[in-house]
Amino acid sequence: MKHLHGVSAAPGVVRGAWVRIDPSPAPAGGTIDPEAIGAEIARLAAASTAAAADLGTIAGRVREDGHPDEAAIFDAQAAIARDPALATMASERIEQSHEDAIRAVRAAAEAFAAQLRSLDDELLAARAADVVDVGGRIARRLAGRPESTAGLDRPSIVVADDLAPSVTATLPRDRLLGIALEGSSPTAHAAILARAYGIPAVVGVADLLTALGDPSNGGGSAPSELAIDGASGDVYLDPDSATRDRFDAGADAGRRRHESDVIEAALPAVTLDGTEVALLANIGTPDESEAAIALGAEGVGLFRTEFLFLERTGPPSENEQVAAYDRVVRAFAPHPVTIRLLDVGGDKPIPYLPIGEEANPFLGVRALRLAYGQPDLFVTQLRACYRAAAAGHLKVMAPMVADAGDVDLLLALAEHARGDLAAAGQPVGTIALGVMLEIPAAILVADSYAPRLAFASLGTNDLMQYTMAVDRGNARLDRYRDALHPALLRLVKQAVDVSARGGLELSVCGEMAGDPAAALALVGLGLRELSMASSSLPAVRRAIRGVRLSTLAAEASAALDDPSARSIRARFEPLVAVDVPA
Ligand code: PEP
Ligand code: MG
């Protein structure tokens, strides 16, 4: 048995066969004799039609699985495959340069994409990546190359360096046991989709592909089975019988736990001495609402809207955004839904929003900082928020706020959006405006802007990254990454105090809130609203129901003087009730 370690991406344990998926590159193609021109053009037409049909089928499957937003990506690509402009450009190359259909369609797609990129129109430029993708799909069809997911013919754990969202979304769900990636990060699309689908996933598993061996050399000593723990990040190759037993017991316990979680979801998260804590969910797409509500989420504390903007050729229109926000607001009514304005840049680049090469993207033009150069993007999003607010309780917060100047920007953008709508006579709902506290500076100077806002939410993932100088995706820096580090705890305490003075409602939406021991520390420090991945809600609820606030407050106060995360963890871990499901 070999043991590797990665980063948790989607919880759950699973063991079984594995299959390595390598997205097959589109073939290069060649040239033809002049007399074959007619036949080659006919072949191209047939392959384009077939590729469009494939994409339509994928869109249908993804939609049936309850993911309409992801399905729209494939509908758009099917339309490109049917677009006569691409076929005409490719046919001309076959006729004039005697390229075969494969080479012609790939070259035509590249040329078409280059034209789109040069048009000084963000929306059209953004279609370029899709056009190239579709050209490759038609080329693979022409070459009779199997789709990259063909190896998944029995229930298996999928292994890859990285998985494109289009591949992840098309993996047959009835055969997809889990995902283990050598690269990627928990905020990458593969991880987001795995969480949305409830499939255990581990990312950033160093040396995974080498350890598994090259599938093309016969596999020789390749392990026959993998076991992955999506919560701890552990990956075992050829697990021994004790590990297999442990995973089987874990999977059984997981199933029983989910049943009891749903039953317990109706119980309030109230301490033994009567203090209630609101537990809300973090979501990335409207599709995640149902599962969050089933687990008792009392609203959405963080809607990471950037996932509506990724994997597309251009930003969603205002109407599309209204539809998405409205769906979530209605699903959770009367509870609040907190929309986080676009947080791209950092590890979430968007091809159609060129930010430019940056040496340190996490310290670059990320999130709200983009609004200084591209305010329209944010005004459109805020207009959609004001319109969706007419349907229920909606809050909006800006990511990556550093100081009062950024708050000025947020308020100006919001006023611009609201004013335009009102002037046009459109119904405008009421929105509470707030900020994420995820840059230490924003906490240090919160007095300077707090009275102008309604709320703030601690983004402990970035707060840890920027406080500890630890790249949040770097698995080698785990030693610094415990959210119970005293530096983080002191910043949280400072945020609690400054919020109380400035009349700001304060919550936590970073991963810290979903860690039961850390959640207890946060409650002890004074937090009364925690937002987390919905899968974390049951354990945090149980932990809160098993303790007295007076104990938590005393431990939290003492923890502020502790020297290490380990000593703070030693205070709170024993307070987490051992929750073995019946
Ligand atoms: C955070 O930084 O803690 C946060 C909640 O936002 P994200 O993880 O999306 O950066
Ligand atoms: Mg953040």
Side-chain angles (χ1 to χ4, degrees), residues 7-10 184-189 191-193 195-196 203-204 279-285 288 292 297 299-310 337-350 360-370 381 395-402 406 410 434-443 455-474 480-485 487-489 491-492 495 506-515 518-519 522 527 529-536 540:
V7 180
S8 157
S184 196
S185 82
T187 47
H189 267 93
I192 299 295
L193 288 170
R195 283 199 288 277
V203 297
L279 300 187
L280 292 80
N282 295 348
I283 62 169
T285 65
E288 293 166 54
V300 173
L302 170 63
F303 182 172
R304 290 184 164 99
T305 57
E306 54 276 12
F307 294 113
L308 304 177
F309 287 69
L310 298 173
V337 169
T338 309
I339 295 200
R340 196 238 329 254
L341 296 177
L342 190 57
D343 180 1
V344 293
D347 65 342
K348 288 179 272 187
I350 289 194
N360 292 302
F362 273 124
L363 304 179
V365 184
R366 179 183 165 192
L368 186 71
R369 297 163 175 201
L370 205 58
Q381 189 174 23
K395 300 160 79 172
V396 172
M397 64 184 176
M400 292 288 288
V401 164
D406 286 343
L410 167 68
V435 291
M436 289 197 66
L437 297 178
E438 51 186 348
I439 300 179
I443 297 176
F455 72 99
S457 186
L458 281 155
T460 51
N461 310 335
D462 278 311
L463 191 59
M464 175 153 49
Q465 157 163 274
Y466 297 125
T467 304
M468 303 299 296
V470 168
D471 182 332
R472 58 191 278 183
N474 189 335
Y480 298 98
R481 204 172 274 112
D482 192 327
L484 282 175
H485 194 284
L488 220 54
L489 231 55
L491 276 169
V492 171
L506 184 67
S507 59
V508 178
C509 64
E511 295 301 305
M512 183 178 184
D515 167 345
L522 291 170
L527 269 301
E529 185 176 314
L530 303 177
S531 189
M532 62 203 74
S534 43
S535 52
S536 302
V540 171

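Residue indices begin at 1 and follow the sequence shown. Counting starts at 1 for both ligands and their atoms, following the listed order.
Taken from NE2 in His485 to OG1 in Thr467, the straight-line distance is 10.0 Å, to the nearest 0.5 Å. Atom-to-atom distance recorded for Arg304:CZ and Asn282:CG is 5.5 Å, nearest 0.5 angstrom.
Judged by distance alone, with hydrogens and angles left aside, the side-chain atoms of Arg369 form a donor-acceptor pair with the main-chain N or O of Gly364 at under 3.5 Å.
Set against the non-hydrogen atoms of Thr460, the atoms of ligand 1 under 4.0 Å away are 3 (O). Shown in contact with Arg366 at under 4.0 Å from a heavy atom are these atoms of ligand 1, numbered in order with element: 10 (O). Within ligand 1, counting atoms from 1 as listed, the ones closer than 4.0 Å to a heavy atom of Met436 are 4 (C), 5 (C), 6 (O). Residue Cys509 has at least one heavy-atom neighbour below 4.0 Å for each of these atoms of ligand 1: 5 (C). Proximity to Arg304 (heavy-atom distance under 4.0 Å) selects the following atoms of ligand 1: 4 (C), 5 (C), 6 (O), 7 (P), 8 (O), 9 (O). Counting atoms of ligand 1 from 1 in the listed order, those under 4.0 Å from a heavy atom of Gly510 are 3 (O), 5 (C). The atoms of ligand 1 that sit less than 4.0 Å from any heavy atom of Leu302 are 5 (C).
The heavy-atom pair separating Val203 from Ala9 by the smallest distance is CG1-CB, 3.8 Å. Scanning both residues, Ala297 and Ala281, for their nearest heavy atoms gives CB-CB, 3.7 Å. Heavy atoms only, all atoms of each residue included: Arg340 and Leu302 are closest at CB-CD1, 3.6 Å. When every heavy atom of Ala495 is checked against every heavy atom of Ile443, the shortest pair comes out as N-CG2, 3.8 Å. For Thr305 against Ile339, the heavy-atom pair with the smallest separation is CG2-CG2, 3.5 Å.
Ligand 1 lies nowhere less than 4.0 angstrom from a heavy atom belonging to Met512.
Leu522 places none of its side-chain heavy atoms less than 4.5 Å from the side chain of Leu458. Using a 4.5 Å cut-off on side-chain heavy atoms (C-beta onward), Leu363 and Tyr466 make contact.
For the pair Gly459 and ligand 1, the shortest N or O to N or O distance falls below 3.5 Å. For ligand 1, the polar-atom distance check against Glu511 finds no nitrogen or oxygen pair separated by under 3.5 Å. Not a single N or O atom of Glu306, backbone or side chain, sits closer than 3.5 Å to an N or O atom of ligand 1.
Within the protein, the N, O or S atoms lying under 2.8 Å from the Mg ion (ligand 2) are Glu438 OE1, Asp462 OD2.
Of the listed residues (Gln381, Glu306, Met400), just one forms a side chain to side chain contact (heavy atoms under 4.5 Å, CB included) with Leu341, and that residue is Gln381.
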